[in-house]
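Order of the sequence lines fixes the chain letters, A, B, ..., with proteins taken first and strands second; residue numbering starts at 1 for each chain.
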Amino acid sequence: MSQISLTFPDGNAREFPAGTTPAEVAEAISTSLGKKAISASVDGTHWDLQWPIESDARIEIHTMQDEAQALELIRHDFAHVMARAVQAIWPDTKVTIGPVTEKGWFYDFDRSEPFTPEDLGEIESKMKEIIEARDPVKTEVWDRDRAIAHYEETGEPYKIELIDRIPDDAPIRMYWHGDWQDLCRGPHLQHTGQLPADAFKLMGVSGAYWFGDTKRPMLQRIQGVAFKDRKALKAHLTFLEEAAKRDHRRLGREMDLFHMQEEAPGQVFWHPNGWTVYTQLQDYMRRKQRIGGYREINTPQVVDRKLWEASGHWDKYQHHMFVVEVDESRDGETDDASAKNKEQTRINALKPMNCPCHVQVFNQGLKSYRDLPLRLAEFGSCARFEPSGALHGIMRVRGFTQDDAHIFCTEDQIQDECARFIDFLASVYRDLGFPDFEIRFATRPEKRVGTEESWDYVEGALENAINAVGRDYVLEPGDGAFYGPKLDFYLTDAIGRVWQCGTFQVDPNLPERLDATYIDASGDKKRPFMLHRACLGSFERFIGILIEEHSGRFPFWLAPRQVVVASIVSEADDYVREVVAALEAAGVRAEADTRNEKINYKVREHSVGKVPVILAVGHREVEERTVTVRRLGEKQTSVSPLYEIVTSLHSEATPPDLR
RNA sequence: GCUGCUGUAGCUCAGAGGUAGAGCACUCCCUUGGUAAGGGAGAGGUCGAGAGUUCAAUUCUCUCCAGCAGCACCA
């Protein structure tokens, strides 16, 4: 028998017979390691203890101490144990796939009856039984025909389909957990008893398409989470509770920021509090863009289909547009006007984006190369008919306003404009509390327009620009728009979620379609490039992100109600009003609370309402012309002379760009 | 859009084939209280919309609308 050489992480190598398994290697090192081993890495591949190693390799034996590998195995084995439990309870259920996810796993099933939330408890109990049984895990490599024959016999059509997808040179691995069998690439633990029976939880049932194909019947997905131990599971469940507490839909209601209702699905009714945040943010962006070299414009929302046909949206994007038919024969008539006259019906669409309108502004009057780069910005109200299932609070809506701008420029200005934008964006994100962000660089997709030389040039310009501002990026080959490459900018929020907000896209296509031109230095007509860019994305979504980022405790300059001045005794009411007036004169958003309630009640209510500063005044403060200051989240109070607190809150209320 | 679930007072939720209840919020009264809910009284609902079954529907059935979770989508 031939020998192979296995190299350990410490650099030492040892000879073993070819076909040795990691289990045998671990055993050879020490009995205790043999017992503790759960899997191995062989040349960087996560390797089942039972798989033979046939050639020289680097090897590392994993135990439960290796968190990444342990969690992968635990979650993967849970997927199998759950599928086994499901088939034990409902034998006619067909299994499909059950991969590991970020915090657990899911398994998709085909079963005519829907799983109910009550079923989950039953499945969990069954899973615990299986774990207690400590059934051994066994694996074999089968040839294709045998595996297919097996699944024909057991009636698992999805598994046959999976086998068809396995490349010829890849092994077809069969796994057994006890007597329950599954096709699986592995690796797995050695017996079901290695699973932490108290560290998993089934999280819900939902629909999912087989391989994401909407044409195929929908499967039922059961999702679970699993961790190394009970403590980690509890920590995760606590995290979910925390995340639910900062849900912008809930805080939006509690803080009286906005509401939505079924007559206008996917559109926001902003209340005074929410609109204050919105306008603060918009005022901020307006100031930033003005000094950033942008000219602000505003364009129509209801536009004839002719423009959308010319831009290409009517062809490619019509299903996402709100189409508005207007019977123009009614022009000048009263409401009960004649029946619709088809010939005089004009078809419009609400703009789903601003770019075509911006080209119209550019196209007015002859443009010279001296006008470029021309940066046109608009807080553009757009409407998109998003699929109903996609709507989510104010994060994914049908009516929204973008902080949009289009830069018209020459080819050799692209690089500078890109670098300039990244700097601009960094400054905005810093001001808004997101000093770190990630850049993803999406390059030419398979289906695209334009020449290779043009793509080469433009992609090069973007790459140079990122390097010029000294930032890293993640390459996403093939993810660009059909007309050009793009940069997307991602923020990470306080609880680790990632949001794409900013974007920068190069577009030579739309100027072509809408016939935008400028006159160059030698007097010839030239086609400008168009750069689409946004920082926040949409105000609606960005405010949703801000709400969740801060759990509703906005930074002072953005807080809708910055200060509440509360009287302790009604004799202080006049003084309360005087304090409020002084604060308002200093540009601070202050409200009086002179209700017939105890100070405890007022403090509680405004704390729950996330007002950053409560100023309480009673006899003492009236006498001394002071206020007692209580900051949100602090139990301690301090006394401050009126003029001092007005000055300090005034400076605190100053937006970051004006400091 | 698809699968499943949900829709009862402003909010959170209970309830039943014979047209409804709690807590908080709201209004009024008492109370002037020093930092996270003082006490009392009162008002408030076409039970998401439409159709069907029934002597009777808010309750059962169907359709639609909206929301939630996930999938798909995200020029």
Taking the minimum atom-to-atom distance to the side chain of [X], which one of [options] wins?
X	options	value
A:Leu391	B:U32, B:G67, B:C65	B:G67
A:Val608	B:G33, B:A36, B:U3	B:A36
A:Val569	B:G33, B:A69, B:C71	B:G33
A:Arg595	B:C65, B:C73, B:C26	B:C26
A:Pro387	B:A72, B:C71, B:A69	B:A72
A:Pro265	B:C73, B:G34, B:G67	B:G67

[N] pairs with, by Watson-Crick or G-U criteria that keep both distances under 3.5 Å:
N	result
B:A41	B:U27
B:A69	B:U3
B:G17	none
B:U12	B:A22
B:C62	B:G50
B:A56	none

Distance check, [atom1] atoms only: [N] and [M], in whole angstrom units.
N	M	atom1	value
B:C26	B:U59	P	33 Å
B:G70	B:G15	C1'	31 Å
B:A25	B:A37	P	12 Å
B:U19	B:C24	P	28 Å
B:G48	B:A16	P	16 Å
B:C55	B:G50	P	23 Å
B:U46	B:G40	P	29 Å
B:A14	B:G21	C1'	7 Å

Is the distance from OP1 or OP2 of [N] to the nearest side-chain N or O of [X] less than 4.0 Å?
X	N	result
A:Arg249	B:C68	yes
A:Arg253	B:U12	yes
A:His392	B:A69	yes
A:Ser388	B:G1	yes

Let me know the distance between [atom1] of [X] and [atom2] of [N], rounded to the nearest Å.
X	N	atom1	atom2	value
A:His619	B:G33	NE2	P	6 Å
A:Asp119	B:U3	CG	C1'	15 Å
A:Arg398	B:G1	CZ	C1'	10 Å
A:Phe211	B:C71	CZ	P	16 Å
A:His606	B:A25	NE2	C1'	14 Å
A:Arg630	B:G34	CZ	P	15 Å
A:Gln402	B:C74	CD	P	16 Å
A:Asp593	B:U35	CG	C1'	13 Å

Need one value for [X]: base, sugar-phosphate or nothing, where a base atom within 4.0 Å counts as base even if backbone is also close, heavy atoms only.
X	value
A:Thr628	base
A:Glu621	base
A:His532	nothing
A:Ala481	nothing
A:Gly212	sugar-phosphate

Requested in this report: May I ask you to decide if the ring planes of A:Tyr429 and A:Phe437 are parallel, tilted or perpendicular, using 30° and 60° as cut-offs?
Outcome: perpendicular
**Report entry** With sequence neighbours excluded, residues passing salt bridge (Lys or Arg N to Asp or Glu O under 4.0 Å) with A:Arg375
**Finding:**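 Checked A:Arg375 against salt bridge (Lys or Arg N to Asp or Glu O under 4.0 Å); matches are A:Glu417.
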Query raised in the report: Taking only residues two or more places apart in sequence or in another chain, which ones pass salt bridge (Lys or Arg N to Asp or Glu O under 4.0 Å) with A:Arg541?
Result: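 By the salt bridge (Lys or Arg N to Asp or Glu O under 4.0 Å) rule, A:Arg541 matches no residue at all.
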Query raised in the report: Starting at the 5' end of RNA chain B and moving along, which residue's nearest nucleotide shows up first, A:Ser206 or A:Ile568?
Result: A:Ile568
Requested in this report: Let me know, please, whether A:Gln261 or A:Met218 comes out on the 5' side of the other along RNA chain B by nearest nucleotide.
Outcome: A:Met218
**Report entry** Of residues 597-604 of chain A, the positions that come close to RNA chain B - non-hydrogen atoms, cut-off under 4.0 Å
**Finding:** A:Lys598, A:Ile599, A:Asn600, A:Tyr601, A:Val603, A:Arg604
Report summary line: side-chain hydrogen bond (donor to acceptor under 3.5 Å, both in side chains) with A:Glu548: of A:His248, A:Arg246, A:Lys245, only one passes, and it is A:His248
Report task. Please find out if less than 6.0 Å separates the ring center of A:Phe115 from that of A:Trp90. Result -> yes
Ignoring hydrogens and angles, are the base of [N] and the side chain of [X] linked by a donor-acceptor pair under 3.5 Å?
X	N	result
A:Arg221	B:A69	no
A:Tyr209	B:G70	no
A:Arg396	B:C73	yes
A:Ser570	B:U32	yes

Using 4.0 Å as the upper bound for N to carboxylate O, is an ion pair formed by [Y] and [X]?
X	Y	value
A:Arg604	A:Glu597	no
A:Arg448	A:Glu459	no
A:Arg533	A:Asp404	no

Query raised in the report: For A:Thr276 and A:Asn273, does a side-chain donor sit closer than 3.5 Å to a side-chain acceptor?
Result: no
Query - A:Asp493 side chain to A:Trp499 side chain, donor-acceptor N/O pair below 3.5 angstrom - result: yes
Query raised in the report: Relative to A:Phe258, does A:Arg253 satisfy both conditions: NZ or CZ under 6.0 angstrom from the six-membered ring centre, and within 45 degrees of the ring's axis?
Result: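 No, A:Arg253 and A:Phe258 do not form such a contact.
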